[in-house]
S.K.: 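Sending over a structure as structure tokens; questions will come in a sec.
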Amino acid sequence: MAYPLEVWQRAVLPREFYQRDTVAVARELLGKVLVRRTPEGVVALRLMEVEAYLGVDDPAAHTAGGRRTPRNEVMWGEAGHLYVYFTYGMHFCANVVTRAPGQPEAVLLRGGVVLWGDELVQRRRRGRGDVNGPAKLCQALALTRRENGTDLTEAGEVFLAEDGFCVPPERVLAVPRVGVEYAGAAALWPLRFVVRGFPAVGLRSDDGAEGLPSRRGAPKPR
DNA sequence: TTGCCGATTACCT
DNA sequence: GGTAATCGGCAAC
């Protein structure tokens, strides 16, 4: 097959994709391809886990209550840009900005499956190839403060693309977000979206991995 | 200017 | 399951 980078470069997600409802964007980001180019090579990741952050009315968001600081400035701007921040003194986390300017909402990129550049990922992750967790994702893709504000709709050093891969809605799990206990009731909002079977932190990894209704137990969701 | 704590991870028991 | 590592953001003093 042709070098897949060429394929992804021709299928970059347009601005309009990001300018919609944040929950819809989050759900639809699952299955999309995050492409990262550096002098070291190309890494491509199929997104399997994300979290929605709903702006000023979401106590768990950096922009909760209308907070606007140099750090979260990108969230206040145009949709389709990358918001990267530093946390815990040693980690970076990457988000995709959604909605319109003045509506500071975003989707945190938490994990995925490496489609290209596995060797490079292994090197950056010190021998590990798993990309489940926002800081691991940034490490695997070499995303740092330098990439903060990058426009993801241009096929440059970081962008998101569509390649026809489809995640059926019934394979998407909606569960509470991680590490936001301080946000009170909002910590329970089911704004974390995971593709069933993806080995995400704090989730059973054997649930419907083959797309079969394997022991769909007691409570019937929905 | 100070001080607390975080949208985490890895490694220990 | 517990916790150290490690530092910048941000609110309060």
Side-chain angles (χ1 to χ4, degrees), chain A residues 18 21-23 25-27 29-30 34 43 45 47-77 79 81-99 103-114 121-150 152 158 160 172-195 198-205:
Chain A
Y18 304 99
D21 173 74
T22 302
V23 169
V25 174
R27 283 180 163 275
L29 275 174
L30 296 178
L34 178 61
V43 170
L45 189 80
L47 295 176
M48 290 291 173
E49 183 185 358
V50 301
E51 281 178 3
Y53 284 85
L54 305 184
V56 299
D57 296 321
D58 179 356
H62 285 172
T63 52
R67 275 204 309 274
R68 185 165 186 163
T69 66
R71 179 175 67 149
N72 67 30
E73 186 59 31
V74 174
M75 278 186 75
W76 288 88
H81 289 255
L82 194 68
Y83 169 42
V84 183
Y85 66 89
F86 184 71
T87 190
Y88 289 103
M90 60 182 85
H91 296 303
F92 291 99
C93 294
N95 304 249
V96 171
V97 177
T98 59
R99 291 279 189 167
Q103 286 180 288
E105 305 188 16
V107 178
L108 172 68
L109 308 179
R110 290 192 55 92
V113 175
V114 177
V121 169
Q122 296 269 349
R123 207 183 318 152
R124 287 175 178 155
R125 296 261 310 116
R126 296 213 217 142
R128 295 175 166 278
D130 57 321
V131 185
N132 58 332
K136 296 178 183 178
L137 186 150
C138 284
Q139 190 179 18
L141 274 65
L143 296 175
T144 69
R145 194 178 283 96
R146 291 221 332 277
E147 282 67 44
N148 187 40
T150 302
L152 296 167
V158 198
L160 269 158
V172 176
L173 226 48
V175 296
R177 293 172 292 183
V178 179
V180 294
E181 292 76 16
Y182 61 86
L188 298 178
W189 296 351
L191 295 178
R192 178 190 186 194
F193 302 100
V194 188
V195 176
F198 181 74
V201 173
L203 287 185
R204 295 215 328 261
S205 59

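Chain A is the first sequence line, chain B the second, and so forth, proteins listed ahead of strands; every chain is numbered from 1.
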S.K.: I'd like to check Glu51(A) versus Val180(A) (side-chain heavy atoms, cut-off strictly below 4.5 Å). Are they in contact?
M.R.: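 They are not in side-chain contact.
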
S.K.: Can you tell me how far P of dT9(B) sits from CD of Glu49(A), to the nearest Å?
M.R.: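 In whole Å, dT9(B) P and Glu49(A) CD are 9 Å from each other.
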
S.K.: Starting at atom CD of Glu73(A), determine the distance to atom P of dC10(C), rounded to an integer number of angstrom.
M.R.: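 Rounding to the nearest Å, CD of Glu73(A) and P of dC10(C) are 11 Å apart.
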
S.K.: Please name the residue in the list Leu160(A), Val113(A), Val121(A), Val131(A) that meets the side-chain contact (heavy atoms from CB on, under 4.5 Å) test with Leu45(A).
M.R.: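 Of all the options given, the one that passes is Val131(A).
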
S.K.: Given that Arg145(A) and Met90(A) both sit by DNA chain C, which one's nearest nucleotide is further toward the 5' end?
M.R.: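 Its nearest nucleotide being more 5', the pick is Met90(A).
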
S.K.: Minimum heavy-atom separation for Pro59(A) to Ala186(A), with atom names?
M.R.: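 Nearest heavy atoms, Pro59(A) then Ala186(A): CD-CB, 3.5 Å.
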
S.K.: Can Phe86(A) be said to stack with the base of dG8(C), given centres closer than 5.5 angstrom and planes under 30 degrees apart?
M.R.: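 The ring of Phe86(A) is not stacked on dG8(C).
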
S.K.: Which one, dC10(C), dC11(B), dT8(B), comes nearest to the side chain of Asn72(A)?
M.R.: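 So the nucleotide nearest the side chain must be dC10(C).
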
S.K.: For Tyr53(A) and Arg125(A), find the nucleotide of DNA chain B closest to each by heavy atoms; which residue's nucleotide sits nearer the 5' end?
M.R.: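 Per heavy-atom nearest nucleotide, the more 5' residue is Tyr53(A).
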
S.K.: Could you tell me whether the side chain of Val158(A) reaches within less than 4.5 Å of the side chain of Leu34(A), counting heavy atoms only?
M.R.: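 Of all side-chain heavy-atom pairs linking Val158(A) with Leu34(A), at least one is under 4.5 Å.
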
S.K.: Kindly say whether, by distance alone, the side chain of Tyr88(A) makes a donor-acceptor pair under 3.5 Å with the base of dA5(C)?
M.R.: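 By the distance-only test, no, there is no pair.
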
S.K.: Report the residues that fulfil side-chain hydrogen bond (donor to acceptor under 3.5 Å, both in side chains) with Arg99(A), sequence neighbours left out, ordered by chain and then residue number.
M.R.: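 So Arg99(A) forms a side-chain hydrogen bond (donor to acceptor under 3.5 Å, both in side chains) with Asp21(A).
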
S.K.: Locate the shortest heavy-atom distance separating Phe193(A) from Ala52(A); write the atom from each residue and the value.
M.R.: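 Looks like CE1-CB, 4.4 Å.
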
S.K.: What is the minimum heavy-atom distance between Gln122(A) and Gly129(A), and which atoms define it?
M.R.: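 So the minimum-distance heavy-atom pair works out to NE2-CA, 3.7 Å.
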
S.K.: Leu54(A) CG to dA7(B) C1': how many Å, rounded?
M.R.: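 From Leu54(A) CG to dA7(B) C1': 13 Å.
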
S.K.: Note every stem involving DNA chain B: at least three consecutive Watson-Crick or G-U wobble pairs, i with j then i+1 with j-1, with both distances under 3.5 Å.
M.R.: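 Result, WC/G-U stems under 3.5 Å: B:1-6 with C:7-12, B:8-12 with C:1-5.
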
S.K.: Show which side-chain atoms of residues 81-91 of chain A pair as donor or acceptor with protein atoms under 3.5 Å away, not counting sequence neighbours.
M.R.:
unit_1, atom_1, unit_2, atom_2, d
His81(A), ND1, Gly149(A), O, 3.1
His81(A), NE2, Glu78(A), OE1, 3.4
Tyr83(A), OH, His62(A), ND1, 2.8

S.K.: For atom CZ of Arg68(A), decide whether the heavy atoms of other residues, nucleotides or ligands shown that lie under 6.0 angstrom number more than 12.
M.R.: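 Count over threshold, so yes.
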
S.K.: Considering only residues two or more places apart or on different chains, which pairs with a residue in residues 180-194 of chain A satisfy side chain to side chain donor-acceptor pair (under 3.5 Å)?
M.R.: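 Residue pairs with at least one partner in residues 180-194 of chain A: Glu49(A)-Arg192(A).
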
S.K.: Using a 4.0 Å cut-off on heavy atoms, which residues in residues 55-65 of chain A reach DNA chain B? List them by number, or say none.
M.R.: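 Going residue by residue through residues 55-65 of chain A, the ones with a heavy atom under 4.0 Å of DNA chain B turn out to be Ala60(A), His62(A).
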
S.K.: Might you point out which heavy atoms bring Val194(A) and Ala200(A) nearest each other, and give the distance in Å?
M.R.: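 Where Val194(A) meets Ala200(A) most closely, the heavy atoms are CG1-CB, 3.9 Å.
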
S.K.: Starting at atom CZ of Arg71(A), determine the distance to atom P of dC7(C), rounded to an integer number of angstrom.
M.R.: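 Value for this atom pair: 16 Å.
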
S.K.: Counting distance only, does the side-chain N/O of Thr22(A) pair as donor-acceptor with the main-chain N or O of Glu105(A) below 3.5 Å?
M.R.: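 No; judged by distance alone, with no hydrogens or angles, the pair does not exist.
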
S.K.: Side chains of Asn95(A) and Met75(A): closer than 4.5 Å at any heavy-atom pair?
M.R.: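 The answer is no; the side chains never approach within 4.5 Å.
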
S.K.: Pick out the pairs of N or O atoms, protein on one side and nucleotides 11-13 of chain C on the other, that lie under 3.5 Å.
M.R.:
none

S.K.: Provide, to the nearest angstrom, the distance between the CZ atom belonging to Phe92(A) and the C1' atom belonging to dG8(C).
M.R.: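 Phe92(A) atom CZ is separated from dG8(C) atom C1' by 10 Å.
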
S.K.: How far apart are the closest heavy atoms of Cys93(A) and Pro134(A), and which atoms are they?
M.R.: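 Shortest heavy-atom contact: SG-CB, 3.7 Å.
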
S.K.: Identify the two heavy atoms, one from Tyr53(A) and one from Ala61(A), that lie closest to each other, and give their separation to 0.1 Å.
M.R.: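 Minimum heavy-atom separation between Tyr53(A) and Ala61(A): CD2-CA, 3.9 Å.
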
S.K.: Using the C1' atom in both, what is the distance from dC5(B) to dT3(C), to the nearest Å?
M.R.: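 The answer is 15 Å between these two C1' atoms.
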
S.K.: Name every residue in residues 174-195 of chain A that has at least one heavy atom under 4.0 Å from any atom of DNA chain C, in order of residue number, or write none if there are no such residues.
M.R.: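 Listed by number, there are none.
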
S.K.: Using side-chain heavy atoms (C-beta onward) and a distance below 4.5 Å, is Leu143(A) in contact with Leu109(A)?
M.R.: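 No, their side chains stay 4.5 Å or more apart.
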
S.K.: Check the distance between dA7(B)'s P and Tyr83(A)'s OH and give it to me in whole angstrom.
M.R.: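 Spelled out: OH on Tyr83(A) to P on dA7(B) is 9 Å.
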
S.K.: So, does Arg110(A) get its side chain near the phosphate of dA7(B), meaning an N or O under 4.0 Å from OP1 or OP2?
M.R.: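 For dA7(B), OP1/OP2 do not have a side-chain N/O of Arg110(A) under 4.0 Å.
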
S.K.: Identify each atom pair where a protein N or O and an N or O of nucleotides 2-4 of chain C are less than 3.5 Å apart, giving names and distance.
M.R.:
none

S.K.: What residues from residues 135-143 of chain A pass a heavy-atom cutoff of under 4.0 Å to DNA chain B?
M.R.: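 Nucleic-acid contacts, sorted: Ala135(A), Lys136(A).
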
S.K.: Which residues pass the side-chain hydrogen bond (donor to acceptor under 3.5 Å, both in side chains) test with Asn148(A), sequence neighbours left out?
M.R.: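 Asn148(A): no side-chain hydrogen bond (donor to acceptor under 3.5 Å, both in side chains) contacts found.
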
S.K.: Taking only residues two or more places apart in sequence or in another chain, which ones pass side-chain hydrogen bond (donor to acceptor under 3.5 Å, both in side chains) with Asp58(A)?
M.R.: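 Here the qualifying residues are Arg177(A).
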
S.K.: Tell me, please, which residues at least two apart from Gln139(A) pass side-chain hydrogen bond (donor to acceptor under 3.5 Å, both in side chains).
M.R.: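 Counting only residues at least two positions away or on another chain, Gln139(A) forms a side-chain hydrogen bond (donor to acceptor under 3.5 Å, both in side chains) with Arg125(A).
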
S.K.: Whole Å only: how far is the CG atom of Asn132(A) from the C1' atom of dA7(B)?
M.R.: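 The distance from CG of Asn132(A) to C1' of dA7(B) comes to 15 Å, rounded to the nearest Å.
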
